Protein chains: 2
Amino acid sequence: MTTQPQTGHDDGSAPRSRPRGAAFLLSQVGAHAATRFAERIGGLGVAPSDVGLLRMIATRPGRSQQSLAEELGVVPSRVVALVDGLERKGLVERRRNPQDRRNYALHLAAEGERVMAGMRDLASAHEDEICAALDDTQRAQLTELLEAIAAQQGLTAGVHPGYRHLPQ
Amino acid sequence: MTTQPQTGHDDGSAPRSRPRGAAFLLSQVGAHAATRFAERIGGLGVAPSDVGLLRMIATRPGRSQQSLAEELGVVPSRVVALVDGLERKGLVERRRNPQDRRNYALHLAAEGERVMAGMRDLASAHEDEICAALDDTQRAQLTELLEAIAAQQGLTAGVHPGYRHLPQ
DNA sequence: TATTGTTATACTCTATAACTATA
DNA sequence: TATAGTTATAGAGTATAACAATA
């Protein structure tokens, strides 16, 4: 994804009184953070698109594919492909529900638990890398500002919009 | 692009003393900002991938496709496709250089100038929309923090990493 | 009939590699 | 030989629509 050029401070001048370029910087730095994270988790053998799914299954085991599709804002057939991949890697299991044999209850396999643990460590290191320029106070400040924007813009906590389908 | 889930404040609790989740928030809010901007510029008939190109040509007219490819971090054949699209829409012109007939000098067409002007207005409105939750002081604060991160992470001012090719 | 999941298909994006023309 | 640009091709990602099994 890409965003607009801004008049910015390409010339190295100090920021103006009315700040400009925050939106572009957000998109730029955000894309960078996502790319770096993707590189890191690549070492665990999972793709960025897998991460949300894994976490949602870990948080609420037994969920159906439909419920994941809804929360992620993707089409159910997409979840089929994602779960196929995770199942092939031995990270999740599809368990039939005897009460209603139409849907599956999704659970993490043992290997999936290990990958989730690895991701938590990795997320912590990632956080430190991205925020290396900031001290603890500034980090808290940034988090607060971003949380305010996220809330006002109606973003769901923990759900990355990368999943959403623009084309209707 | 997608990033990691964070332990976050899904439960609505107050932020902890050691801030967690800034990197995920960055990626989440950044992707949202990029998506909203893409929706806006869609009305001008250009795609997000066109924007950087248009701006770079506007900033330094007469550039070659090669130089654009290098600065954007994409392969030259990709620039061919992008410039083809912009030329077809009447936004840019390829002018032969009589001194060296191998390369083109790229220039904005009249319609391209109009679109650039439209984008500047639109970027301003976009900025206001994304930062609606913040007052001017907070906006300046956010910009400062993001600029510090961008500089420390080695990001090029005004160049969106969405252009970069991870697959080598 | 409605719901869950699946398959078949097509479209977009973008890189690689081979090629043309010019130098 | 080297450089700017182009074409042909292939792979990844993801949506739409038709379908099967179950309720």
Side-chain angles (χ1 to χ4, degrees), chain A residues 1-2 31 34-35 38-39 41-42 45-53 57 62-88 92-107 160-168, chain B residues 1-2 31 34-35 38 42 45-53 57 62-88 92-107 160-168:
Chain A
M1 187 128 343
T2 303
T35 300
E39 287 170 4
I41 59 168
V46 296
S49 50
D50 295 328
V51 175
L53 215 58
I57 297 171
R63 296 186 64 156
S64 72
Q65 297 185 186
Q66 283 284 347
S67 81
L68 294 178
E70 268 174 46
E71 187 166 329
L72 290 172
V74 300
V75 81
S77 63
R78 175 91 190 100
V79 178
V80 172
L82 289 171
V83 174
D84 279 353
L86 294 174
E87 200 179 35
R88 211 175 320 113
V92 309
E93 289 175 17
R94 284 174 163 115
R95 298 190 196 152
R96 270 294 178 205
N97 173 358
Q99 266 66 55
D100 186 340
R101 293 177 45 76
R102 284 176 306 186
N103 61 46
Y104 285 117
L106 299 175
H107 293 268
H160 198 285
Y163 284 107
R164 301 261 167 67
H165 51 165
L166 295 189
Q168 39 183 338
Chain B
M1 188 130 344
T2 302
T35 299
V46 296
S49 49
D50 294 329
V51 175
L53 216 58
I57 297 170
R63 296 186 64 156
S64 71
Q65 297 184 185
Q66 284 283 346
S67 81
L68 294 179
E70 268 172 47
E71 187 165 328
L72 290 173
V74 300
V75 80
S77 64
R78 175 91 189 100
V79 178
V80 173
L82 289 170
V83 174
D84 280 352
L86 293 174
E87 200 179 34
R88 211 175 321 113
V92 310
E93 289 175 17
R94 284 174 163 114
R95 297 189 196 151
R96 270 295 178 205
N97 173 358
Q99 265 65 54
D100 186 339
R101 293 178 44 76
R102 285 176 304 185
N103 60 46
Y104 286 117
L106 299 174
H107 293 269
H160 197 285
Y163 284 108
R164 301 261 168 67
H165 50 165
L166 295 190
Q168 35 182 341

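It should be emphasised that the depicted structure is a prediction, and the values quoted were computed from it without experimental measurement. In what follows, every chain begins at residue 1, and chains take the letters A, B, ... in the order their sequences are listed.
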To the nearest angstrom, the CG-C1' distance between B:D100 and D:dT3 comes to 8 Å
If you define the side chain from C-beta out and look only at heavy atoms, does anything of A:R78 sit under 4.5 Å from A:S49? yes
Of the candidate nucleotides C:dA15, C:dT7, D:dT6, which contains the atom at the shortest distance from the side chain of A:S77? C:dT7
Let me know the distance between CG of A:L106 and C1' of C:dT4, rounded to the nearest Å. 12 Å
Rounded to the nearest 0.5 Å, how far apart are CG of B:L82 and CG of B:L72? 8.0 Å
Looking at B:Y104, I'd like to know if the NZ or CZ of B:R95 sits under 6.0 Å from its six-membered ring centre while staying within 45 degrees of the ring's axis. no
Smallest separation among heavy atoms of A:A31 and B:H160, with atom names: CB-CE1, 3.6 Å
Considering only side-chain heavy atoms of B:R78, which listed nucleotide, D:dT22, C:dA15, C:dA23, is closest? C:dA15
Measure the distance from CZ on B:R95 to P on D:dG5 and round it to the nearest whole Å. 15 Å
To the nearest Å, how far apart are B:E70 CD and D:dG5 C1'? 14 Å
Given atom CZ of B:R88 and atom P of D:dT6, what is their separation to the nearest angstrom? 13 Å
Under the 3.5 angstrom rule, does the side chain of A:R63 hit a backbone N or O of A:I57 as a donor-acceptor pair? no
Taking only side-chain nitrogens and oxygens of A:R101, does any of them come within less than 4.0 Å of OP1 or OP2 of C:dT3? no
Below the 4.0 Å mark, does C:dT6 have OP1 or OP2 next to a side-chain nitrogen or oxygen of A:Q65? yes
Among C:dT6, D:dT6, D:dA23, the one nearest any side-chain atom of B:P76 is D:dT6
Atom NE2 of B:H160 and atom P of C:dT14: how far apart are they, to the nearest Å? 12 Å
Report the nucleotide, chosen from C:dT3, D:dG5, C:dT14, that has the shortest atom-to-atom distance to any side-chain atom of B:S49. C:dT14
In whole Å, what is the span from the CD atom of A:Q66 to the P atom of D:dT22? 17 Å
At what distance, to the nearest 0.5 angstrom, does CG of A:N97 lie from CG of A:N103? 5.0 Å
Using the C1' atoms of five pairs at each end, what's the angle between the two axes of the helix from C:dT1-D:dA23 to C:dA23-D:dT1, to 10 degrees? 30°
Taking the minimum atom-to-atom distance to the side chain of A:N103, which one of D:dA4, C:dT6, C:dT4 wins? C:dT4
Minimum-distance nucleotide to A:V80 side chain [options: C:dT3, D:dT6, C:dT6]: C:dT6
Indicate, with a heavy-atom threshold strictly under 4.0 Å, whether A:R94 touches base, sugar-phosphate, or nothing. sugar-phosphate
So, taking the atom named CD in B:E70 and the one named CD in B:Q65, what distance separates them when rounded to the nearest 0.5 Å? 13.0 Å
Can you tell me how far C1' of D:dT22 sits from CZ of A:R102, to the nearest Å? 6 Å
Once you apply a heavy-atom cut-off of 4.0 Å, does B:S64 come out as touching a base, just sugar-phosphate, or nothing? sugar-phosphate
Please examine the side chains of A:D84 and A:R94, heavy atoms only from C-beta on, and report whether any two atoms are closer than 4.5 Å. yes
